[in-house]
Amino acid sequence: MGKPALPADELKTLWRARRASNAPLDQSGVWRYREFVPFLSDYQGVVTLREGNTPLLEAPQARSLWRARQAGVQAPGLSTPPGLSKTTG
């Protein structure tokens, strides 16, 4: 896979701006980083369900059990559109 054409600091700025965007392609946790997709040069035909944004929830009981400063758990069911079966493995 090739390197993106933009320097790292410009990519970070671009990705932060996309997080605030309402465009479906920008909201997707996968397509937000589309500069790393080497086989696609035109994004007009991309379909997304805004996948890749699995929330990380605070887990205070786990934090206390592990005596950690922070602990979180992923909740994939909260980010999956209704009726969609998705695997994470």
Side-chain angles (χ1 to χ4, degrees):
M1 172 168 33
K3 290 186 176 183
L6 298 172
D9 58 333
E10 289 182 39
L11 285 171
K12 287 178 185 178
T13 301
L14 178 63
W15 295 335
R16 281 190 199 107
R18 286 179 182 164
R19 281 192 66 96
S21 169
N22 286 327
L25 213 58
D26 292 343
Q27 288 183 344
S28 166
V30 175
W31 291 106
R32 185 179 313 130
Y33 307 103
R34 54 190 168 264
E35 286 75 18
F36 286 103
V37 179
F39 56 84
L40 204 58
S41 59
D42 179 20
Y43 303 104
Q44 295 299 319
V46 172
V47 175
T48 179
L49 296 172
R50 296 182 177 127
E51 62 284 325
N53 290 317
T54 305
L56 189 63
L57 305 175
E58 288 287 326
Q61 291 178 331
R63 183 181 62 229
S64 138
L65 177 69
W66 298 327
R67 296 185 183 135
R69 284 182 281 159
Q70 289 183 317
V73 294
Q74 282 191 325
L78 295 178
S79 66
T80 306
L84 179 67
S85 175
K86 167 174 134 174
T87 61
T88 57

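Side-chain atoms are counted along with the backbone in the values below, which use heavy atoms only and exclude waters and symmetry mates. Residue numbers start at 1 and run along the sequence shown. All figures in this text were calculated on a predicted structure; none of them were measured in a lab.
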With sequence neighbours left out, write down each residue that passes side chain to side chain contact (heavy atoms under 4.5 Å, CB included) with [X], or none if nothing qualifies.
X     : answer
Leu14 : Leu6, Arg18, Glu35
Tyr33 : Trp15
Ala17 : none
Val46 : Leu25, Trp31, Leu40, Tyr43

- Smallest heavy-atom separation, Thr48 atom then Pro24 atom, equals CG2-O, 3.6 Å
- In terms of heavy-atom contacts, Gly72 and Leu56 come closest through C-CD1, 3.8 Å
- Message: Once side-chain hydrogen bond (donor to acceptor under 3.5 Å, both in side chains) is applied, do any residues pair with Arg19, and if so which ones, sequence neighbours excluded?
- Response: none
- Task: Please list, chain by chain and in numerical order, all residues satisfying side-chain hydrogen bond (donor to acceptor under 3.5 Å, both in side chains) with Thr13, sequence neighbours excluded.
- Result: none
- Sorted by chain and residue number, the salt bridge (charged side-chain N to carboxylate O under 4.0 Å, His left out) partners of Glu10 (sequence neighbours excluded) come out as none
- Query: Quick one: salt bridge (charged side-chain N to carboxylate O under 4.0 Å, His left out) pairs with a partner in residues 38-49, sequence neighbours left out?
  - Reply: none
- Item | Nearest-0.5 Å distance that lies between atom CZ in Arg32 and atom CD in Gln27 | 8.5 Å
- Side-chain cluster (under 4.5 Å, hydrophobic types only) that Trp66 belongs to, other residues: Leu65
